[in-house]
Structure formats: structure tokens, C-alpha cells
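Since the structure comes first, as C-alpha cells, the remarks are kept for the end.
Treat the numbers as computed from the prediction; the structure is a model and nothing was measured.
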Amino acid sequence: MTITLKPGSTVMFTGDSITSFVRLPGYDRAAYPLQAAGRWCFEHPDRPMTWLNTAHPGDTSADLEARWQTDVLDARPDVVSILVGINDVGRRTILPEAPVISTDEYATTYDQLLKPLADARVILVEPFLLHVAAVVEAGPHRVRIGERERAEWRADLDTKIEVVHELAHRYGAELLLADRMFARLGEPERWSEDGVHLTAAGHSALAEAWLNLVV
């Protein structure tokens, strides 16, 4: 099943830094929503769309919920694409003062995001974590993220990915199996240097997978 994009539709991307157009100077600006929109505009000049992106770096599902009315619902989008979850897993590692977000809390909050979208078509993107070897520093405290931290994140993330699958089934949403896709592709460092944020090639792979869900 795919989503038919009708001329004049509004497509909304939202989530965290992976989806956001915001990039620091010197970093690529090849975010997958921009690539997907550009490809669509090139290949379908007869079906112009309005493309919106309200993703914010660092956001959790609760952060999305706090701005959901103004960031998403007020725009009345026809299609909403959501990628959120890795910060629900990793924020406490980077910011020890941050609260733990349980799988049940994630499920409840995500459900609240989807309930008011009855009139929109929805794409849920699996949050993902690539098995890279790098040790990186993250956050204001320059916390080191390596194999041990990623193993902890993976155990938590797997349960949250299950939530996304369950919600996609419940709401009849399209499901983009991003975590599974990157695992199948191999060569993790080609797609992400730190396991979370994508390279330009990683964004291209995700954009291609997203475009496969629309016609």
C-alpha cells in the first residue's frame, strides 16, 4: 500500500535533528526531507506540493507533543511523516538530569500525536541506531558515546520500535522500516558516523525509502 500525493497537498515532516533542515556550519544540509521533496518536484512537475518541516534537534516524543498543535495540526497537512525516538532513548545518557522515558510513556505520548491525525495520511519512520565502531562526544558535557552506551540504547530502542510498529498497524499508517533497512545495507559508517546522525549517503537512502511509500 502506498500514499497517493494529490496536486496541492501539504506534506509535513517532523521529528528530531535527523529530520530537521538545521545544520551547523560545515555540516551537510542533505536532510532526507529536502532530498525527497527535491526528487518529487523534479519527477512530478504536474503535481506541485507544499513541503513543510517542523523537526527540532534534540526533540523527544514529549517535545513534539508540547508543540503539536502549533507545529503540525494548525497547518492541516494532508500527509504527516514522523521520525522520533532516539532522543527518548539517549537523552539521559547525554544529559543525566533528563528524565528516563519508559516504553509505556513513549507509547502513550506517540498515541496522543496520532489521535488527531484522522484526516491525514501518516508515515511512521522507525527510529534507528547503526552499529558503528566510533567513540564520539555528545552534548554540552561532552559525554563519550561508545559500544557500551550504544548497546544500552539498542536494548531500549528495540522496545520503542515495537511501539511504532503497533501504532502503525492500529492507525493504518505507512511504516518505513529504517532501522531494518540500515542493518540490511551493512557498512554502517557509510550511512552514519556516530550511529544516529546520517551522512549525505544515509539521508539519500532514507529519502529513497520514503519515496517508495508515495506515488
Side-chain angles (χ1 to χ4, degrees), residues 14-20 23-24 27-28 30-32 55-65 81-111 113 123-169 175-210:
T14 195
D16 53 37
S17 61
I18 301 166
T19 301
S20 173
R23 294 290 183 274
L24 296 174
Y27 285 72
D28 74 79
Y32 73 93
H56 290 255
D59 267 7
T60 64
S61 55
D63 294 321
L64 262 64
E65 185 185 25
S81 179
I82 307 169
L83 168 56
V84 69
I86 192 61
N87 291 313
D88 292 73
V89 170
R91 179 181 279 186
R92 185 169 173 80
T93 304
I94 296 169
L95 297 171
E97 65 274 17
V100 173
I101 301 173
S102 70
T103 298
D104 286 345
E105 289 173 309
Y106 177 74
T108 298
T109 303
Y110 213 139
D111 184 59
L113 300 179
I123 297 174
L124 302 186
V125 184
E126 281 182 343
F128 51 82
L129 181 65
L130 283 71
H131 188 66
V132 299
V135 176
V136 299
E137 293 184 343
H141 306 303
R142 311 306 298 171
V143 176
R144 290 170 64 84
I145 307 297
E147 184 174 350
R148 180 177 64 83
E149 288 77 15
R150 290 195 191 94
E152 293 173 353
W153 290 8
R154 168 52 67 185
D156 190 7
L157 185 65
D158 282 345
T159 65
K160 290 179 169 64
I161 288 175
E162 290 178 8
V163 166
V164 176
H165 284 225
E166 292 168 2
L167 290 172
H169 177 73
L175 180 62
L176 200 167
L177 301 172
D179 189 64
R180 189 177 303 180
M181 176 188 74
F182 285 120
R184 185 181 69 249
L185 287 173
E187 301 180 89
E189 282 81 7
R190 180 182 178 190
W191 317 111
S192 174
E193 294 178 355
D194 62 6
V196 173
H197 301 93
L198 297 175
T199 61
H203 280 290
S204 291
L206 194 55
E208 182 75 17
W210 193 94

Please list, chain by chain and in numerical order, all residues satisfying salt bridge (charged side-chain N to carboxylate O under 4.0 Å, His left out) with Glu65, sequence neighbours excluded.
none

Contact between Tyr106 and Thr159 at the side-chain level, heavy atoms closer than 4.5 Å - yes or no?
no

Measure the shortest side-chain to side-chain distance between Leu176 and Leu124 over non-hydrogen atoms and say whether it is less than 4.5 angstrom.
no

Sequence-distant partners of Ala151, side-chain contact (heavy atoms from CB on, under 4.5 Å), two or more places apart
none

CD on Glu147 to CD on Glu152, rounded to 0.5 Å:
11.5 Å

Could you pull out all residues at least two apart from Glu193 that satisfy side-chain contact (heavy atoms from CB on, under 4.5 Å)?
Thr199

On a heavy-atom basis, which atom in Leu175 and which in Leu177 lie closest, and how many Å separate them?
CD2-CD2, 3.5 Å

Listed partners of Thr93 passing side chain to side chain donor-acceptor pair (under 3.5 Å), at least two apart
Trp153

Interatomic spacing from OH in Tyr110 to CG in Asp88 - rounded to 0.5 Å
9.5 Å

Partners passing salt bridge (charged side-chain N to carboxylate O under 4.0 Å, His left out) against Arg154 (at least two apart in sequence or in another chain)
Asp158, Asp179

Can you list everything that forms a side-chain contact (heavy atoms from CB on, under 4.5 Å) with Val136? Sequence neighbours excluded, please.
Ala134, Ile145, Arg150, Asp194

So do Leu64 and Ile82 actually touch side chain to side chain, heavy atoms under 4.5 Å?
yes

List, one per line, each side-chain donor-acceptor pair under 3.5 Å for residues 160-168, sequence neighbours excluded.
unit_1, atom_1, unit_2, atom_2, d
Lys160, NZ, Ile101, O, 3.0
Lys160, NZ, Asp156, OD1, 2.7
Lys160, NZ, Asp156, OD2, 3.4
His165, NE2, Glu126, OE2, 2.6

Of all the heavy-atom pairs spanning Ala178 and Phe128, show the shortest one and how long it is.
CB-CD2, 3.7 Å

To check you understand the geometry: which heavy-atom pair defines the closest contact between Ala31 and Thr19, and what is its length?
CB-O, 4.2 Å

With sequence neighbours excluded, what pairs up with Asp111 under the salt bridge (charged side-chain N to carboxylate O under 4.0 Å, His left out) test?
Lys115, Arg170

Quick one: sort the Tyr32 and His203 rings into parallel, tilted or perpendicular, breaks at 30° and 60°.
parallel

By salt bridge (charged side-chain N to carboxylate O under 4.0 Å, His left out) - contacts of Asp59 (at least two apart):
Arg67

Gap between atom OG of Ser192 and atom CZ of Phe182 - 0.5 Å precision:
8.0 Å

Give me the atom names and distance for the closest heavy-atom approach of Trp191 to Gly186.
NE1-O, 2.8 Å

Reported CD-to-CG distance for the pair Glu187 and Leu130, which is rounded to 0.5 angstrom
11.5 Å

Mind listing the closest non-hydrogen atom pair of His197 and Ser17 along with its distance?
NE2-OG, 3.0 Å

Should we say atom NE2 of His56 is surrounded by more than 12 heavy atoms from elsewhere, each under 6.0 Å from it?
yes

Which residue pairs pass the salt bridge (charged side-chain N to carboxylate O under 4.0 Å, His left out) test with at least one member in residues 127-140, sequence neighbours excluded?
Glu137-Arg142

Tell me, which pairs form a salt bridge (charged side-chain N to carboxylate O under 4.0 Å, His left out) where one or both residues lie in residues 94-109, sequence neighbours left out?
none

Taking every non-hydrogen atom, the tightest pair across Gly58 and Asp63:
O-OD2, 3.9 Å

Rounded to the nearest 0.5 angstrom, the CG-OG distance for Leu83 and Ser20 is 11.5 Å

List in chain and number order the residues that pass side-chain contact (heavy atoms from CB on, under 4.5 Å) with Glu208, two or more places apart in sequence or in another chain; answer none if no residue qualifies.
Arg39, Asn212

Between CG on residue Leu129 and CD on residue Glu149, distance to nearest 0.5 Å
11.5 Å

